Amino acid sequence: MGSRWAQVLSRLEQDAALTAAFSQAYPDGLTANNVANALATFERSLVTVNSRFDRYLRGEKQILTPVEIEGYRRFREFGCISCHQGALVGGNMYQKFGVLSDYFANRPTTRRDLGRFNVTQREVDKHVFKVPSLRNVARTGPYFHDGSADTLAQAIVIMARYQLGRELAERDIAAIVAFLNTLTGELPVASR
Amino acid sequence: MARFNFGPQHGHRLRLGLGFAILLALVTGLFMRADEVSPEAHYAYMQSLRRIQQADVELNAAAVASYADLLQNYDPLLRRVQAIRSEQSQLIRIPSSLSTISQARLRLMVGKLLASQQAKEDDIDRFQRSNAILRNSEFYLPHATETLLTTLAAPDARAFEHFVRHLLGFTRGGNPDVAEHLTAEIKHFRQLNIQRHGPLTMNQLLVHAELIIAHRPEVNALVERIMHSSAAALHEEVTRVYIEGHEQALRLAGYYSQLLYLVSLLLAAYVIYALFRIEDDRRQLADAHRDLAERYEAQRRAGPGRGRAAPLCHGVYQCCRGDDDYRCQFPNCCGQPGFFGNFRLRDGRCHRADTGRRAQYLPLLLVRDQYRFAERTAARK
């Protein structure tokens with residue numbers, strides 16, 4: 001997030017428990033390489049299959065509640081699946097944040113709000129971000145590139161307004177939140 | 001500092017050694033060049049080209065399927081793009097067996113192919129974005145219109161229904177010129193500023209209509225561009241250039257093999273010749289020894305010589321007098337001539353002179369010396 005390794009390491013060193021854990025796990029303790037290795041190892045462990053939604057798709061129709069099934073239906077009907085699709089329910093494309101109206105209008109913007117433009121320097125990539133996977137989304141808040149949405153409900157309202165051009169009823173939001181909660185997979189045994 | 005006496009014999013040996021080293025280097029070089037075209041590297045490169053071509057074809061198929069709504073997600077698109085991307089690193093590793101010119105040509109073509117693939121990847125990215133927006137709006141607009149129409153007054157409802165039908169016709173491959181007319185209609189509805197109660201407003205639908213008008217031609221154009229990307233043609237060109245280069249390298253390796261075979265034959269012939277020479281010399285030497293032994297035995301039988309009972313001299317290099325090249329100076333000298341003859345007095349001592357090229361005639365010299373010795377012995381008697 002725009003930090004330098006010196007800043008990262010300095011901040012991590014303030015956590016005595018973390019430093020001790022690094023010393024225990026790596027012979028040379030807390031270093032940039034070891035932090036990168038730890039992050040990569042953690043990410044490789046994020047194989048959270050067998051969510052309730054997976055089981056539902058495999059035929060266990062009773063595994064989801066009626067509200068969750070209704071949420072799935074709404075998720076499809078409202079067009080969320082235009083971007084959040086595929087095995088990971090997203091994560092396979094980029095999209096502009098603010099398709100039907102300008103999300104960044106009337107708010108102070110920073111460089112990080114430019115999104116993919118920071119990488120490609122192309123005008124068409126301004127405010128374009130990777131569509132995130134919704135797997136385990138209930139556990140990965142706060143949401144958006146700037147962490148501006150604290151809850152799933154807030155995120156859904158913003159997405160519906162700026163990406164789908166709709167104002168959703170409370171009931172629909174609750175149903176979609178319930179559905180998104182079904183995407184939480186089983187954690188690896190070591191992480192439980 | 002001792003100075004190395006570089007005589008004709010040394011020069012001959014040096015030339016011989018140098019010639020042998022050059023020949024060895026030539027054989028080694030030819031062997032390496034003949035074996036330079038690695039079948040494994042060729043197979044790996046061809047496999048890489050084939051995988052890219054396959055992924056490109058599948059990418060086109062996935063784009064069309066996605067465009068036709070036969071494919072509801074972009075996972076296959078992403079997989080193909082990643083497959084192509086992962087093969088690119090293999091593609092730029094051009095086999096070293098190709099000639100410098102072929103490598104340069106191939107590098108140029110691969111550069112063009114990578115640029116084209118990057119452009120195609122960008123088009124895929126834009127297609128995904130536009131198509132996602134379009135799908136959402138095209139799916140949502142008819143349903144929302146149905147809801148809206150129930151709340152509108154009859155004239156407005158009819159006009160809006162007509163507009164939406166017109167718009168849906170446009171999305172199904174209608175005349176692109178219609179876009180202008182539809183945009184004008186949207187402007188007209190905005191000016192009417194039709195108000196209604198409830199969460200759904202006409203303006204929301206008009207925004208969706210605008211997105212459809214903007215993105216439908218873009219998606220159509222992008223799919224067209226993806227399908228007609230220069231990547232496929234460039235891929236063919238890269239394959240052609242590579243195969244040409246490979247064939248050229250194979251031909252060259254074939255020439256080197258033939259040359260290697262020729263040089264090997266020459267070497268083998270020389271070895272056979274040398275063996276014959278050695279055998280011939282050995283026979284001559286054996287004959288000379290036999291002749292010498294016979295003469296010596298004849299002398300021994302002829303009468304007691306000066307050194308008959310004496311032991312044979314040692315160190316013939318030091319034992320010959322300057323005034324008589326062939327007689328030993330030891331008091332109890334055996335009287336034999338200096339073996340291999342050709343001794344000279346230097347610094348008061350007798351040294352063996354360099355025989356040089358005469359070495360090959362040594363058996364003959366030996367016979368000559370023996371003959372002279374016999375003559376002198378007879379004269380003394």
Side-chain angles (χ1 to χ4, degrees), chain A residues 57 72-103 105 115-117 119-135 157 159-173, chain B residues 59 62-63 65-66 69-82 118-119 121-148 197-212 214-215 218-219 222:
Chain A
L57 292 179
Y72 177 42
R73 192 175 65 80
R74 299 273 173 196
F75 185 79
R76 285 180 293 158
E77 283 179 0
F78 289 152
C80 308
I81 54 163
S82 348
C83 293
H84 293 285
Q85 29 66 40
L88 299 177
V89 203
N92 58 8
M93 64 176 288
Y94 295 93
Q95 189 56 280
K96 186 173 181 175
F97 195 174
V99 171
L100 281 109
S101 52
D102 191 354
Y103 174 77
R116 192 158 162 73
F117 174 82
V119 179
T120 65
Q121 301 296 314
R122 290 184 306 191
E123 201 61 28
V124 289
D125 288 334
K126 269 189 178 168
H127 306 307
V128 169
F129 295 87
K130 186 156 193 174
V131 174
S133 162
L134 294 184
R135 294 252 171 207
V157 168
M159 282 287 105
R161 186 177 299 152
Y162 291 100
Q163 300 302 108
L164 304 174
R166 302 172 199 201
E167 294 297 332
L168 301 187
E170 286 296 324
R171 197 185 56 226
D172 296 331
I173 295 169
Chain B
L59 182 65
S66 195
D69 282 343
L70 297 171
L71 200 61
Q72 298 297 322
N73 66 70
Y74 297 131
D75 283 353
L77 281 171
L78 186 68
R79 272 201 299 274
R80 307 300 170 232
V81 166
Q82 283 174 342
Q118 184 57 52
E121 199 179 310
D122 292 343
D123 284 344
I124 293 283
D125 178 33
R126 286 179 59 197
F127 165 74
Q128 287 179 325
R129 291 186 212 176
S130 279
N131 199 41
I133 295 167
L134 195 62
R135 268 184 185 170
N136 174 47
S137 293
E138 285 186 355
F139 180 76
Y140 175 65
L141 190 69
H143 291 282
T145 303
E146 214 169 299
T147 312
L148 186 74
H197 295 292
L200 192 63
T201 65
M202 179 175 276
N203 193 51
Q204 279 178 310
L205 300 195
L206 292 177
V207 171
H208 279 280
E210 280 177 331
L211 284 176
I212 291 171
H215 286 280
E218 188 188 1
V219 167
L222 282 169

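Predicted model, so just to flag it, every value in this text is computed and none were measured. Order of the sequence lines sets the chain letters (A, B, ...), proteins ahead of strands, with each chain counted from 1.
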Original post:
Out of curiosity, A/Leu100 CG to B/Asn136 CG, how far, rounded to the nearest 0.5 Å?
Top reply: 7.0 Å
Subject >> Approximate separation, where rounding is to 0.5 Å, of A/Cys83 SG and B/Ile133 CD1 >> reply: 7.0 Å
Original post:
What closest approach, in Å, do B/Arg129 and A/Gln95 show between heavy atoms, and which atom pair accounts for it?
Top reply: O-NE2, 3.1 Å
Original post:
Given that the side chain runs from C-beta out, which part of A/Arg161 has a heavy atom under 4.5 Å from chain B: side chain, backbone, both or neither?
Top reply: neither
Original post:
Taking B/Arg135, B/Glu210, B/His208, B/His143 one by one, which has the highest count of heavy-atom pairs under 4.5 Å against chain A?
Top reply: B/His208
Original post:
Is A/Arg73 atom CZ crowded by more than 12 heavy atoms from other residues, nucleotides or ligands, each under 6.0 Å away?
Top reply: yes
Original post:
What part of A/Arg166 gets closer than 4.5 Å to chain B, counting heavy atoms only: side chain, backbone, both or neither?
Top reply: both
Original post:
Where does B/Phe139 contact chain A at under 4.5 Å (heavy atoms): side chain, backbone, both or neither?
Top reply: side chain
**OP:** Report the distance from atom CG of A/Asn92 to atom CD of B/Gln82, rounding to the nearest 0.5 Å.
**Re:** 9.5 Å
Original post:
Do other residues, nucleotides or ligands put more than 12 heavy atoms under 6.0 Å from B/Glu146 CD?
Top reply: no
Original post:
If every non-hydrogen atom of B/Ala132 is compared with every non-hydrogen atom of A/Met93, which pair is closest and at what distance?
Top reply: CB-CE, 3.8 Å
Subject >> Rounded distance [0.5 Å steps], CZ in B/Arg126 versus CG in A/Asp125 >> reply: 9.5 Å
Subject >> Closest non-hydrogen atom pair between A/Glu167 and B/Gln204, with its separation >> reply: N-NE2, 4.0 Å
Subject >> A/Val131, part contacting chain B, at a heavy-atom distance under 4.5 Å >> reply: neither
Original post:
Of all heavy-atom pairs between B/Asp125 and A/Arg116, which one has the smallest distance, and what is that distance?
Top reply: OD2-NE, 4.1 Å
**OP:** Could you tell me whether a side-chain N or O of B/Gln128 sits under 3.5 Å from a main-chain N or O of A/Tyr94, the two making a donor and an acceptor?
**Re:** no
